[in-house]
Student: 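Below is a structure I'd like to ask you about.
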Amino acid sequence: MNAYLEKVLNETELKNINESEYLQAVKEVLSTIEPVVDAHQEEYEKIALLERMVEPERIVTFRVPWIDDNGQVQVNRGYRVQFSSLIGPYKGGLRFHPSVNQSIMKFLGFEQIFKNALTGLPIGGAKGGSDFDPKGKSDVEIMHFCQSFMTELYRHIGQDVDVPAGDIGVGAREIGYMFGQYKRIRNAYEGGVLTGKDISYGGSLARKEATGYGLIYFMREMLAAHNKSLEGKTVIISGSGNVAIYACEKVTEMGAKVVAMSDSNGCIYDKNGIDLDLIKQIKEVERGRIKDYLNTYIDAKYIEKTGVDSPIWEIKADIALPCATQNEVTLNSAKVLVENGVLAVGEGANMPCTIEATNYFLEHGVLVAPAKAANAGGVATSAIEMSQNSMRFYYTFEEVEAKLERIMVNIFKSCAAAAAKYRCSGNYVAGANIAAFQKLAKAMRAQGIV
Ligand code: NDP
């Protein structure tokens with residue numbers, strides 16, 4: 001590795017020794033941008049370009065006290081990592097999940113800078129959330145938590161400052177409660193302060209569908225570049241949340257058959273093709289478990305997750321779409337997928353494949369659609385929501401979807417072009433990192449030492 005890259009990587013490791021997810025994300029980017037850094041090493045080193053890129057502009061952590069239904073006071077920890085405002089206001093989702101910690105927030109914030117740069121839209125990078133577990137909580141408890149969370153967060157955000165959205169555990173319901181509290185505290189209707197809002201008060205049509213749909217548009221482009229298509233392919237999708245559901249919808253519309261989906265407890269396999277309306281009913285309406293699918297389809301199979309590796313990756317398929325969480329595809333799972341003849345992997349979740357798994361796929365000729373590029377449709381549509389809020393105007397569903405499709409096609413083209421230019425054609429992981437890095441490096445040089 002280039003000496004400057006190695007120095008920055010070593011220093012980052014020393015400074016963030018306990019932050020494995022964050023270090024993984026930094027390592028993945030730094031190990032792929034070598035040809036660009038080689039060409040500008042002296043200049044970048046002099047202005048500490050990489051050192052500044054890997055250091056968040058600001059991290060806020062705060063206490064979130066709330067009262068549960070039994071009158072017991074609970075305390076969670078809240079975070080907002082404002083990683084980079086280079087190309088626009090900080091922008092990135094909020095995650096409510098018990099696993100949330102500073103390392104996960106920083107990895108997600110770091111990835112977000114690159115992803116947002118790829119969209120071509122004026123948005124910086126951020127991420128936030130809490131170790132609060134929404135599972136099993138009543139609606140009133142969710143509201144109390146969201147209100148308390150926003151009572152601190154409000155002072156750090158604003159429609160021209162930092163615009164959060166949803167992520168794991170944060171959907172339209174949570175965004176609604178947080179927006180209500182923000183509006184109440186600020187005594188102003190700043191519609192663009194949060195995205196992922198309900199359509200009734202400033203949300204964008206097609207935002208809910210955008211990440212999953214965008215992933216499939218990217219997959220379509222990537223496969224087409226290799227003379228392949230989605231038509232007739234068998235697909236497995238991990239997760240059954242926002243990204244997984246709408247990826248399933250679009251890929252089915254494009255002629256593929258989804259045979260398996262999952263949640264954190266296990267996966268279902270339905271050889272006849274997943275009934276997505278039923279999944280939506282279980283997950284979006286009843287907030288139930290994926291196992292409930294078998295109450296209707298008694299012939300489907302349920303496989304419980306017992307170890308580290310998710311059982312879904314053992315199901316034979318042409319295309320695998322990890323849409324649940326980070327590091328859900330390990331080297332072991334990658335080996336099984338390759339053995340079963342997988343053609344392409346599309347990352348709907350953020351960093352769902354370990355570095356070893358990604359490398360294994362690439363070494364074995366499997367096409368990989370990297371998260372930064374392939375799941376950027378969500379944040380791109382959030383930016384479209386912000387622009388509608390500023391204009392005080394709405395686009396139709398078709399208008400937003402057409403913009404989303406164009407953005408995803410362009411993202412694919414920039415990844416492919418960067419990969420080709422730097423002699424790694426077909427490696428869209430490197431292509432995405434290089435294309436985003438070049439844009440960020442240019443903006444960083446232009447803005448002086450800040
Ligand atoms: P949701 O909360 O809607 O769904 C998450 C799904 O993943 C659920 O099925 C959940 O199962 C499963 N899951 C969560 N954590 C784990 C875990 N530790 N192990 C196994 N399964 C798990 O989240 P989203 O669909 O919004 O997000 C999914 C992924 O996509 C995340 O990586 C997120 O960062 C990424 N993403 C989301 C975007 C968006 O617009 N929403 C945009 C870009 C990326 P269970 O219900 O059992 O917890």
Side-chain angles (χ1 to χ4, degrees), residues 21 25 91-100 104-105 107-109 111-112 114-116 118-119 125 127-129 132-136 164-175 195-196 203-204 206-215 218 237-248 260-268 279-280 282-284 286-293 304-305 307-313 321-330 333 346-353 369-383 385 404 408:
E21 294 86 358
K91 179 94 196 85
L94 296 171
R95 175 177 291 191
F96 292 168
H97 193 272
S99 64
V100 162
I104 290 180
M105 294 287 96
F107 116 66
L108 289 163
E111 294 259 313
Q112 197 80 45
F114 291 80
K115 180 186 314 197
N116 294 5
L118 285 173
T119 65
K127 203 76 188 189
F132 172 73
D133 186 358
K135 234 176 261 162
D167 190 76
I168 292 179
V170 179
R173 173 179 63 164
E174 291 73 19
I175 293 289
T195 59
S204 174
R207 170 61 188 91
K208 184 175 68 173
E209 293 81 358
T211 310
Y213 279 21
L215 169 66
F218 190 97
I237 305 181
S238 67
S240 45
N242 174 266
V243 180
I245 285 177
Y246 293 96
C248 179
M261 290 182 81
S262 68
D263 61 21
S264 54
N265 296 118
C267 71
I268 48 159
I279 296 285
K280 285 184 181 174
I282 295 169
K283 288 292 174 182
E284 293 185 335
E286 295 162 14
R287 296 180 188 273
R289 307 307 301 159
I290 199 130
K291 195 178 180 180
D292 301 345
Y293 189 88
E304 187 99 18
K305 182 175 184 230
V308 178
D309 298 331
S310 172
I312 195 166
W313 310 126
L321 302 177
C323 295
T325 195
Q326 64 275 357
N327 291 330
E328 55 171 316
V329 182
T330 61
S333 300
E347 298 188 325
N350 284 310
M351 205 168 76
C353 301
K372 285 185 201 81
N375 73 23
V379 74
T381 308
S382 276
E385 180 174 334
L404 166 68
M408 296 313 298

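Heads up: numbering here begins at 1 and tracks the sequence. Both ligands and their constituent atoms are indexed starting at 1 by order of listing.
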Student: Could you check whether any heavy atom of K135 sits closer than 4.0 Å to an atom of ligand 1, since that is the contact criterion I want to use?
Tutor: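 Yes; K135 lies near enough to ligand 1 that a heavy-atom distance drops under 4.0 Å.
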Student: So S382 and R207, side chain to side chain contact (heavy atoms under 4.5 Å, CB included) or not? Walk me through it.
Tutor: CA-CA 7 Å; S382 276; R207 170 61 188 91; 2.9 Å; yes
Student: If you count the atoms of ligand 1 from 1 in the order shown, which ones are under 4.0 Å from a heavy atom of R207?
Tutor: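 Selected atoms, number and element: 40 (O).
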Student: Rounded to the nearest 0.5 Å, how far does CD of E328 lie from CH2 of W313?
Tutor: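 Reported value, rounded in 0.5 Å steps: 5.0 Å.
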Student: Nearest protein heavy atom to atom 2 (O) of ligand 1, by residue and atom, and its distance?
Tutor: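 The answer is G169 N, 3.0 Å.
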Student: Near K280 NZ, under 6.0 Å, is it more than 12 heavy atoms from other residues, nucleotides or ligands?
Tutor: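 It does: K280 NZ has more than 12 such atoms within range.
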Student: Minimum heavy-atom separation for G348 and N375, please, with both atom names.
Tutor: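 Nearest heavy atoms, G348 then N375: O-ND2, 2.9 Å.
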Student: Tell me: protein heavy atom nearest atom 29 (C) of ligand 1, and distance?
Tutor: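 Closest protein heavy atom to atom 29 (C) of ligand 1: A324 O, 3.3 Å.
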Student: Suppose I only count heavy atoms of G239 and a 4.0 Å limit; which atoms of ligand 1 are within that range?
Tutor: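 Result: 9 (O).
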Student: Identify, for atom 15 (N) of ligand 1, the protein heavy atom at the shortest distance, and state residue, atom and that distance.
Tutor: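 Closest protein heavy atom to atom 15 (N) of ligand 1: H97 NE2, 3.6 Å.
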Student: Give the numbers and elements of all ligand 1 atoms closer than 4.0 Å to a heavy atom of R95.
Tutor: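 Reading through ligand 1 atom by atom, the close ones are 31 (C), 32 (O), 33 (C), 34 (O).
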Student: Please lay out, stage by stage, how S240 and E284 fare under the test side chain to side chain contact (heavy atoms under 4.5 Å, CB included).
Tutor: CA-CA 9 Å; S240 45; E284 293 185 335; over 6 Å; no
Student: Could you tell me if the side chain of K283 sits less than 4.5 Å from the side chain of R289, heavy atoms only?
Tutor: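 Yes. Closest side-chain heavy atoms under 4.5 Å.
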Student: Yes or no on side chain to side chain contact (heavy atoms under 4.5 Å, CB included) for C323 and L215, after CA distance, side-chain angles and deciding distance?
Tutor: CA-CA 10 Å; C323 295; L215 169 66; 3.9 Å; yes
Student: When you measure from atom 32 (O) of ligand 1 to every protein heavy atom, which one gives the shortest distance, and what is it?
Tutor: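 Minimum-distance protein heavy atom for atom 32 (O) of ligand 1 reads N350 N, 3.1 Å.
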Student: What protein heavy atom is closest to atom 40 (O) of ligand 1, reported as residue, atom name and distance in Å?
Tutor: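 Looking at atom 40 (O) of ligand 1, the protein heavy atom closest to it is T211 OG1, 2.7 Å.
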Student: Kindly confirm or rule out an N or O of V243 lying under 3.5 angstrom from an N or O of ligand 1.
Tutor: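 Yes: some nitrogen or oxygen of V243 is under 3.5 Å from one in ligand 1.
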Student: For atom 4 (O) of ligand 1, what's the nearest protein heavy-atom neighbour? Residue, atom name and distance, please.
Tutor: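 For atom 4 (O) of ligand 1, the nearest protein heavy atom comes out as G241 CA, 3.2 Å.
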Student: Does K305 reach ligand 1, in the sense of a heavy atom lying below 4.0 Å from it?
Tutor: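 Heavy atoms of K305 never come under 4.0 Å of ligand 1.
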Student: Within a distance under 4.0 Å of any heavy atom of C323, pick out the atoms of ligand 1 and give their elements.
Tutor: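 Near C323, the atoms of ligand 1 are 28 (C), 29 (C).
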Student: Would you check if I104 and H97 make a side-chain contact, meaning some heavy-atom pair closer than 4.5 Å?
Tutor: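 With C-beta onward as the side chain, the pair stays apart.
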Student: Does a side-chain heavy-atom distance below 4.5 Å link I168 with T325?
Tutor: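 Yes, at least one pair of side-chain atoms sits under 4.5 Å.
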Student: Is the shortest distance from a heavy atom of G348 to ligand 1 less than 4.0 Å?
Tutor: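 Distance cut 4.0 Å: G348 passes for ligand 1.
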Student: With a 4.0 Å cut-off on heavy atoms, does R289 reach ligand 1?
Tutor: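 Heavy atoms of R289 do come under 4.0 Å of ligand 1.
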Student: Quick one: which ligand 1 atoms are inside 4.0 Å of a heavy atom on N375?
Tutor: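 The list of qualifying atoms is 43 (C), 44 (C).
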Student: Nearest protein heavy atom to atom 3 (O) of ligand 1, by residue and atom, and its distance?
Tutor: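 In this structure, atom 3 (O) of ligand 1 has N242 N, 2.9 Å as its nearest protein heavy atom.
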Student: Number the atoms of ligand 1 from 1 as they appear, then name those within less than 4.0 Å of a heavy atom of A349, with their elements.
Tutor: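 Listed by number with element: 29 (C), 30 (O), 32 (O), 35 (C).
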Student: Please report the closest heavy-atom contact between A380 and T119, naming both atoms and the distance.
Tutor: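 Between these two residues, the closest heavy atoms are CB-CG2, 3.9 Å.
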Student: What are the two closest heavy atoms between T381 and A210, and how far apart are they?
Tutor: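 Reported closest heavy-atom pair: OG1-CB, 3.2 Å.
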Student: Among all protein heavy atoms in this structure, tell me which lies nearest to atom 33 (C) of ligand 1, with the distance rounded to 0.1 Å.
Tutor: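 Checking every protein heavy atom, the shortest distance to atom 33 (C) of ligand 1 gives D167 OD1, 3.1 Å.
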Student: Considering I312, T381, T325, D263, which one's heavy-atom position lies nearest to atom 16 (C) of ligand 1?
Tutor: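 Comparing heavy atoms across I312, T381, T325, D263, the nearest one to atom 16 (C) of ligand 1 lies in T325.
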Student: From atom 23 (O) of ligand 1, work out which of N327, I245, I168 has a heavy atom at the shortest distance.
Tutor: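 It is I168 whose heavy atom sits nearest to atom 23 (O) of ligand 1.
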Student: Looking at OH of Y246 and OG1 of T211, how far apart are the two atoms once the value is rounded to the nearest 0.5 Å?
Tutor: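 That separation rounds to 11.5 Å.
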Student: Find out whether N350 and F107 are in side-chain contact, i.e. whether some heavy atom of one side chain is under 4.5 Å from a heavy atom of the other.
Tutor: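 Answer yes - side chains close enough.
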Student: Could you check which of S264, G377, A165, A371 puts a non-hydrogen atom nearest to atom 20 (C) of ligand 1?
Tutor: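 Considering heavy atoms of S264, G377, A165, A371, the nearest to atom 20 (C) of ligand 1 sits in S264.
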